[in-house]
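Here's the structure, in structure tokens; my notes come after.
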Amino acid sequence: RAQDEAGFQSYLNELRQQAEAQGRSRAAIDAVFAGLTLNPRVIELDRGQPGSNPNAPIPDFEPYRRSHVDTQRIARGRQAYQAQRGRLAAIERETGVPESIMVAIWGHETNYGAVTGNFDLPRALATLAYEGRRRSLFSGEFLATVEMVDRGVPRERLKGSWAGATGNPQFLPSVYLRLARDGDGDGRADIWTSDADTLASIGNYLANAGWR
């Protein structure tokens with residue numbers, strides 16, 4: 001609706017002022033804000049999430065597990081494990097996180113990078129912030145996308161789930177800024193196309209969370 005879009009554009013001006021106040025570059029701000037419009041589909045998906053209605057029954061876990069841990073995912077996991085053995089062993093030595101856990105997280109989150117989401121992150125996050133149910137969370141994540149671009153992440157990389165998770169490990173932007181790691185020594189933390197960076201980042205995430 002035109003009214004919603006007008007309200008959204010007004011809210012974007014607030015977010016732009018916050019990004020400027022954080023000292024982000026004009027180039028990064030312009031790149032992230034260019035052409036943003038409200039995404040009604042994101043609001044629909046958010047409201048349909050299990051847990052968004054406190055009175056709704058909690059879905060059973062077992063049907064989800066059966067459909068999620070299938071033979072294809074297990075086979076792909078074995079291939080990923082064999083292909084990354086040397087790298088995984090080094091990350092395990094460094095972080096203490098077992099190789100199998102890192103591969104399992106990668107498989108569960110994105111089927112080893114096969115399904116990473118195609119929503120435009122800034123658009124989705126700005127929409128969720130505007131909708132207001134969890135504004136402080138999503139406005140902070142939106143502003144983190146501006147910082148990512150300021151740090152050199154290409155604007156076109158900012159794709160992911162409707163809820164703002166991105167890359168092979170599905171990190172929120174603020175998590176990317178804190179915990180993504182360069183695993184192949186090229187000076188960038190590329191959790192979108194580098195298996196080495198993906199696994200180093202997953203290991204670092206779990207170690208930072210207090211893995212035992």
Do [X] and [Y] pair up side chain to side chain, a donor and an acceptor below 3.5 Å, judged on atom types alone?
X: T116; Y: W192; value: no
X: Q18; Y: E14; value: no
X: Q84; Y: R87; value: yes
X: T198; Y: D195; value: no
X: S25; Y: D150; value: yes

Does the ring of Y81 carry R76 above it, NZ/CZ under 6.0 angstrom from centre and within 45° of its axis?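 So R76 doesn't make the cation-pi contact.
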For Y130 and F8: C-alpha separation, side-chain torsions, deciding distance, then whether ring pair (Phe, Tyr, Trp, His ring centres under 6.0 Å) applies. CA-CA 6 Å; Y130 173 69; F8 179 71; 5.7 Å; yes
Nearest 0.5 Å, please: how far is [atom2] in [Y] from [atom1] in [X]?
X: M102; Y: Y205; atom1: CE; atom2: OH; answer: 15.0 Å
X: T95; Y: I101; atom1: OG1; atom2: CD1; answer: 11.0 Å
X: R123; Y: L128; atom1: CZ; atom2: CG; answer: 11.5 Å

So, [X] side chain and [Y] main chain: donor-acceptor pair closer than 3.5 Å or not?
X: D197; Y: D184; value: yes
X: E92; Y: E99; value: yes
X: E131; Y: R133; value: yes
X: E141; Y: S174; value: yes
X: Q9; Y: L36; value: yes
X: T110; Y: A114; value: no
X: R181; Y: A189; value: no

Under a 4.0 Å N-O cut-off, is there an ion pair linking [X] with [Y]?
X: R66; Y: E62; result: yes
X: D120; Y: R155; result: yes
X: D30; Y: R16; result: yes
X: R188; Y: D182; result: no

Mutual orientation of the aromatic rings belonging to Y64 and H68 [parallel < 30°, tilted 30-60°, perpendicular > 60°]: parallel
M148/Y176 under side chain to side chain contact (heavy atoms under 4.5 Å, CB included): CA gap, chis, key distance, verdict: CA-CA 8 Å; M148 286 171 72; Y176 173 85; 3.7 Å; yes
More than 12 non-hydrogen atoms from neighbouring residues, nucleotides or ligands closer than 6.0 Å to CZ on F119, yes or no? yes
For I58, is the CD1 atom crowded, meaning more than 12 foreign heavy atoms sit under 6.0 Å from it? no
Would N204 and S201 satisfy side-chain hydrogen bond (donor to acceptor under 3.5 Å, both in side chains), going step by step from the backbone distance to the final call? CA-CA 5 Å; N204 189 52; S201 298; over 6 Å; no
Can you give me the closest heavy-atom contact between S139 and Y11, atom names plus distance? CB-OH, 3.5 Å
Run N39 and T127 through side-chain hydrogen bond (donor to acceptor under 3.5 Å, both in side chains) and show every step you take. CA-CA 6 Å; N39 190 336; T127 294; 5.8 Å; no
Using side-chain heavy atoms (C-beta onward) and a distance below 4.5 Å, is L125 in contact with T145?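 Yes, their side chains come closer than 4.5 Å.
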